[in-house]
2 protein chains.
Amino acid sequence: MHGDDRPAVTIEHVARAAGVSRATVSRVLTGSGPSSADAGQRVRAAAERLGYTADPVARALVHGRGTRLVVAVTSASPTELVDCPYVSRVVGSTAQRCASEGLGVALQWLPLDAPEPTLDALARDRSVAGVVLVNTTRRVLDAVPPRLVGRVASIGAGSPTVPLVDVDTSAAAAALTAHLLSTGRRRIAMLAGPPWLPCAERPVTAHRAAVRAAGLPERVLAGDFTAESGRRGAVEALRRWPDTDALYAICDETALGAIQALRALGRRVPEDVAVTGFDDLPLAAFSGPALTTATHPVEQIAARAAGSLLDRDRTTVTLFPSELVVRQSA
Amino acid sequence: MHGDDRPAVTIEHVARAAGVSRATVSRVLTGSGPSSADAGQRVRAAAERLGYTADPVARALVHGRGTRLVVAVTSASPTELVDCPYVSRVVGSTAQRCASEGLGVALQWLPLDAPEPTLDALARDRSVAGVVLVNTTRRVLDAVPPRLVGRVASIGAGSPTVPLVDVDTSAAAAALTAHLLSTGRRRIAMLAGPPWLPCAERPVTAHRAAVRAAGLPERVLAGDFTAESGRRGAVEALRRWPDTDALYAICDETALGAIQALRALGRRVPEDVAVTGFDDLPLAAFSGPALTTATHPVEQIAARAAGSLLDRDRTTVTLFPSELVVRQSA
DNA sequence: CTGTTAGCGCGTTCAT
DNA sequence: ATGAACGCGCTAACAG
């Protein structure tokens, strides 16, 4: 009735069945030590026949490795985690990458205004094999406990002790801005992300540089990645700079919100105002008009971040390329 | 240099600091046995001061509980897991629900044409605390090993031994169909899911019943949840039934694909043909035209499925309500 | 090349 | 109410 009828075949059973000691079974199966071809054969056969699987828990205990990789997301409130597609994608890919190692993935909220206690708790928790930081702020980077160094990677922003894995947002911003410029846009406003988010700075810097190089005015409005932020941003941009002929949004959601507001204001997209996004979400091709954007290989990035932790890779910065996707909105 | 400077405060340290035995510390902290108020006080203080956290790994080992909850997804190929937003949402919510219990989440692929070996392996793996089945087929349900019973739940389709958690797709299908009917549509074609997927049957049945009750013809085309399937379905529907005035799609992606094909064919949406979806994806409001659909609380469902495993809840069927969202496409 | 011994950190009997 | 001893399943160190 408990579903607890576990005949749970252990290493002991395999050892007995193969007529060897547990140590030999362990050596054979992990390949961690010498073993005769004969014993190896018998052990492997017995293990196969009994359906033996080494218990990752016991293994983790002796190795002190931990059994889960934590995806730690910094945000103002925990509810943002629940329905943020970006976070879901990261967690999903991480889980897939960790599956082969017998590791699970946990999702942890890091309070924007007080990440330190949680970070310390993670560092102390011996079941934590590693931590992948998402939406990383400088405060979080500064608060990474020494014990965590070597077991932590960050998506979005790194530091001397925290390796960074991300998409090359600078190149993407340059490409997107160049596209707008090459199609004749001259009064571009950027609907940016939160100023306090390091990973949101790179595209702003790149965009500003591109616009400045073209001898055009730099127009940047802060936002927060949401569609609502795009709506407000579009209205505000047109109020401050009525001659705006292009909106470069920090992400697809913001771009879609901007398009919605633009239309409500009676502006045609892209005729009057061109709009670009970033992420190339699955549904970006179906918006009205279809969104011009750039790809964001979140799955690859997350898998790489997890992989670098598991492999103890020391690479400081890993940037994945982004590809321009030209559709109708710009 | 290894980041392995773990002073790792264990129960032993707390015991010494509090001047008691490890057993007492354990009893106090887990509340699993008697303890004097005095000792309790000292232990708690010491634990707090040293920043002690019981190692979930060791704890899991002694309890034999496992350390991860596996989300097992049935599909034709493993690549489908990587970029399926639905799976990501399930994994993300599950991870969040499991975090408080110190459990991680793993993502496991179940080959559509041979799920048995993998299922058996999961049953044997002692680190598996439970399994949440996604996209469940009958074959998978039949192959659930006895050892897994009581530690498994399914999203989409259940069985006498496997509890079901899902959205009330029947009610949603009825509501969506009723909406089409009430707005004057009389020649409705359904763009359905794969016939072999149990969870895709419920909406079909409900839709057929609603249409039949209205004395209208039942028109159903098989598909597979993708946008491409929607494009093909729309073309095929118009070829077979040129008088079609509404398309009821199994999900938002399929609906968007259908709209795209419809427009390419010169049909106006919703004037000539109304289109409805299902899921209410975050971007459904931004399509052209904005999609009429119904909500799908995936996050709640996943959290509930995980929760029922952790709480050893025995409820056989749990259905979450879906809400109609009327926009422009129908 | 192999078996024996000794823990990993914790919960849980047993005595007391 | 408390402490000593044992065991969860496994790997690492040491003999042989």
Side-chain angles (χ1 to χ4, degrees), chain A residues 4 6-44 46-47 50-68 101-103 124-129, chain B residues 4 6-44 46-47 50-68 101-103 124-129:
Chain A
D4 271 334
R6 313 192 179 190
V9 29
T10 76
I11 197 173
E12 175 70 35
H13 301 144
V14 179
R16 250 200 278 273
V20 298
S21 72
R22 292 178 314 206
T24 300
V25 175
S26 174
R27 275 186 292 249
V28 169
L29 263 25
T30 63
S32 67
S35 61
S36 71
D38 175 51
Q41 204 56 276
R42 299 211 317 267
V43 167
R44 253 179 282 272
L50 266 33
Y52 170 72
T53 311
D55 182 356
V57 178
R59 198 172 261 181
L61 178 61
V62 46
H63 282 139
R65 257 198 302 105
T67 62
R68 46 182 200 160
E101 330 261 343
L103 288 178
R124 272 199 300 272
D125 189 333
R126 308 191 78 251
S127 74
V128 173
Chain B
D4 272 333
R6 315 192 176 190
V9 31
T10 76
I11 197 173
E12 173 72 37
H13 301 142
V14 178
R16 251 199 280 270
V20 298
S21 72
R22 294 178 314 209
T24 299
V25 176
S26 174
R27 275 186 291 252
V28 169
L29 263 25
T30 64
S32 66
S35 61
S36 71
D38 175 51
Q41 203 58 274
R42 300 213 315 270
V43 167
R44 253 178 282 271
L50 298 177
Y52 169 73
T53 310
D55 181 357
V57 178
R59 195 172 265 183
L61 179 61
V62 49
H63 281 139
R65 258 198 302 104
T67 61
R68 46 182 199 162
E101 330 262 343
L103 287 178
R124 273 198 300 272
D125 189 333
R126 306 191 77 250
S127 73
V128 173

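Numbers restart at 1 for each chain; the letters A, B, ... are given by sequence-line order, proteins then strands. If you're wondering where the values come from, they're calculated on a predicted model, not measured in any experiment. Computed from heavy atoms alone, side chains included, the values below leave out hydrogens, waters and symmetry copies.
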Can you measure from [atom1] ([X]) to [atom2] ([Y]) and round to the nearest 0.5 angstrom?
X	Y	atom1	atom2	answer
T53(A)	I11(A)	OG1	CD1	12.0 Å
Y52(B)	R44(B)	OH	CZ	13.5 Å
R65(B)	R126(B)	CZ	CZ	12.0 Å
T10(B)	R16(B)	OG1	CZ	8.0 Å

For [X] and [Y], work out which heavy atoms get closest and say how close.
X	Y	answer
V9(A)	L50(A)	CG1-O, 3.6 Å
P56(A)	G102(A)	CB-O, 4.4 Å
V25(A)	A15(A)	CG2-CA, 3.6 Å

Indicate yes or no: at least one non-hydrogen side-chain atom of [X] is less than 4.5 angstrom from one of [Y].
X	Y	result
D125(A)	R68(A)	yes
T67(B)	V57(B)	no
L61(B)	D55(A)	yes

>> Counting the atoms with a prime plus P, OP1 and OP2 as sugar-phosphate, which does L61(A) contact under 4.0 Å by heavy atoms, base, sugar-phosphate, or nothing?
In response: base
>> Using a heavy-atom cut-off of 4.0 Å across all strands, would you classify A54(B) as base, sugar-phosphate, or nothing?
In response: sugar-phosphate
> Got a sec, which residues hit side chain to side chain donor-acceptor pair (under 3.5 Å) with T24(B), two or more places apart in sequence or on another chain?
Replying inline: S21(B)
> Starting at the 5' end of DNA chain D, which residue's closest nucleotide do you reach first, V62(B) or V20(B)?
Replying inline: V20(B)
>> Go nucleotide by nucleotide along DNA chain D from the 5' end; which of G19(B) and H63(B) gets its closest nucleotide reached first?
In response: G19(B)
Specify the separation, in whole Å, of atom [atom1] of [X] and atom [atom2] of [N].
X	N	atom1	atom2	value
R22(A)	dA13(D)	CZ	C1'	14 Å
I11(B)	dT2(D)	CD1	C1'	14 Å
D55(A)	dT11(D)	CG	C1'	13 Å
E12(B)	dA4(D)	CD	C1'	13 Å
R65(A)	dG9(D)	CZ	P	18 Å
R16(A)	dG9(D)	CZ	C1'	14 Å

> Roughly how bent is the helix from dC1(C)-dG16(D) to dT16(C)-dA1(D) end to end, in steps of 10 degrees, with each end axis from five pairs?
Replying inline: 40°
Side-chain donor/acceptor pairs under 3.5 Å, residues 29-40 of chain A, sequence neighbours excluded:
residue: T30(A); atom: OG1; partner: S26(A); partner atom: O; Å: 2.8
residue: T30(A); atom: OG1; partner: S32(A); partner atom: N; Å: 3.3
residue: T30(A); atom: OG1; partner: S32(A); partner atom: OG; Å: 2.9
residue: S36(A); atom: OG; partner: A39(A); partner atom: N; Å: 3.0
residue: D38(A); atom: OD2; partner: R42(A); partner atom: NH1; Å: 2.9

>> Looking at Q41(B), I'd like to know if its CD atom is crowded, meaning that more than 12 non-hydrogen atoms belonging to other residues, nucleotides or ligands lie closer than 6.0 Å.
In response: no
> Going by heavy atoms closer than 4.0 Å, what residues in residues 34-41 of chain A are next to DNA chain C?
Replying inline: P34(A), S35(A), S36(A), A39(A)
> For DNA chain C, which residues in residues 25-33 of chain A have a heavy atom at a distance below 4.0 Å?
Replying inline: R27(A)
> For DNA chain C, which nucleotides open and close the run of contacts to chain A, 5' to 3', at under 4.0 angstrom from a non-hydrogen atom?
Replying inline: dC1(C) to dG9(C)
